Amino acid sequence: VVLSGGMDSGVLLAEAVNRHTHRQVRALTFDYGAKHAARETASARFLARLYRVRHKVVRLPFIPRLFASDLLQNGNDVPEGHYCDPIMKRTVVPFRNGVMASIAVGYAASLGIPEVWIGSHAGDHPIYPDCRPEFIDAFNYAVHCGTEGQVRLLAPWQDLTKAQIAKIGAILSFPLELTWSCYRGGEWHCGRCATCVERKEALDLAGLPDHTRYLDPVYGAFPAPEAAGEQAA
Ligand SMILES: [Zn+2]
């Protein structure tokens with residue numbers, strides 16, 4: 001399982017351990033120089049320990065030197081707003097899933113593990129091209145040819161929304177509050193970046209309590225606080 005430390009891949013880890021056993025599952029986390037790398041990696045380590053899964057953190061320190069993205073430590077400030085806003089293209093790390101999946105496939109083939117799971121989901125599709133089903137399908141063909149069918153790349157959440165993933169997490173008693181989403185990587189979740197907005201919206205739509213500590217818990221809340229107030233009135 002490619003484990004970022006966020007909600008989607010965290011629930012995916014829980015699902016993998018649920019379907020198999022913790023001994024059969026490995027977790028790989030990539031530190032590619034994102035602003036929130038320390039936060040994500042800490043969450044990933046915690047989740048791997050919790051699920052008693054062997055875990056490796058792979059550092060890719062060359063990525064910020066070669067790739068341009070506002071998600072990276074050398075990029076501009078992370079934009080605020082909804083995750084479907086075209087401005088969020090600035091947070092794309094070009095071909096990131098291709099890079100990570102390539103390493104994960106090589107690792108899986110080395111260990112004789114037949115499947116690599118990544119947590120991309122329907123909400124990623126508008127902005128992130130390497131999360132879309134056509135990318136997964138095309139990449140999977142390359143994986144099949146490049147490993148002589150030893151390994152398959154799977155994205156079990158690719159047709160699900162983040163709210164549906166959160167619900168699965170709740171069914172699996174997964175500790176959603178221990179995952180990290182915020183692209184800014186501060187002490188608390190900022191509450192205003194795309195992934196914070198998406199996290200709030202997903203938990204709200206799923207009807208689950210949101211125990212995340214946000215600097216701005218109101219921004220982007222779904223439904224908008226004014227509309228909720230009107231309904232209450
Ligand atoms: Zn944030």
Side-chain angles (χ1 to χ4, degrees), residues 2-13 29-47 57 63-64 67-94 96-97 100 118-128 130-131 157 160-166 169 174-206 208-226 228:
V2 177
L3 179 69
S4 71
M7 191 186 291
D8 317 310
S9 64
V11 178
L12 198 59
L13 177 72
T29 299
F30 294 93
D31 176 352
Y32 51 90
K35 291 185 173 80
H36 60 323
R39 285 286 171 188
E40 274 201 325
T41 305
S43 285
R45 284 189 205 281
F46 183 88
L47 294 171
V57 177
I63 296 260
F67 294 19
S69 168
D70 289 348
L71 201 62
L72 301 174
Q73 281 149 13
N74 59 339
N76 295 317
D77 287 346
V78 171
E80 294 181 351
H82 194 268
Y83 55 90
C84 285
D85 192 319
I87 198 175
M88 296 311 160
K89 287 262 182 214
R90 287 167 38 190
T91 65
V92 172
V93 179
R96 179 187 63 176
N97 280 354
M100 297 195 306
I118 67 166
S120 54
H121 62 92
D124 295 326
H125 300 170
I127 299 293
Y128 300 99
D130 57 351
C131 291
W157 301 157
L160 302 188
T161 64
K162 204 178 186 79
Q164 289 171 315
I165 296 167
F174 175 81
L176 292 165
E177 67 281 6
L178 299 177
T179 60
W180 186 267
S181 296
C182 182
Y183 284 156
R184 288 179 164 150
E187 195 178 336
W188 287 25
H189 281 69
C190 78
R192 299 179 73 93
C193 74
T195 185
C196 279
V197 170
E198 188 185 27
R199 181 181 178 103
K200 287 177 187 173
E201 185 183 275
L203 291 170
D204 189 78
L205 284 170
L208 295 169
D210 189 350
H211 300 299
T212 312
R213 293 195 298 181
Y214 297 106
L215 286 174
D216 185 344
V218 177
Y219 180 86
F222 185 88
E226 311 83 68

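For ligands, and for the atoms within them, numbers begin at 1 and follow the listed sequence. It should be emphasised that the depicted structure is a prediction, and the values quoted were computed from it without experimental measurement. Hydrogens, waters and symmetry mates are skipped; everything else that's a heavy atom, side chains included, is used.
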J.: According to side chain to side chain contact (heavy atoms under 4.5 Å, CB included), who are the partners of P209, at least two apart in sequence or on a separate chain?
T.: H211
J.: Got R184 and E80 here, is their nearest side-chain heavy-atom distance under 4.5 Å?
T.: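 Counting from C-beta outward, R184 and E80 do come under 4.5 Å.
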J.: So, H121 versus Q164: side-chain donor-acceptor pair below 3.5 Å or not?
T.: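 There is no such pair between these side chains.
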J.: Spell out the protein N/O/S atoms under 2.8 Å from the Zn ion (ligand 1) as residue plus atom name.
T.: C182 SG, C190 SG, C193 SG, C196 SG
J.: Is there a donor in the side chain of T29 and an acceptor in the side chain of T41, or the other way round, less than 3.5 Å apart?
T.: no
J.: Side chains of T179 and R199: donor-acceptor distance under 3.5 Å anywhere?
T.: yes
J.: Any idea how Y183 and H36 line up, ring-wise: parallel (<30°), tilted (30 to 60°), or perpendicular (>60°)?
T.: perpendicular
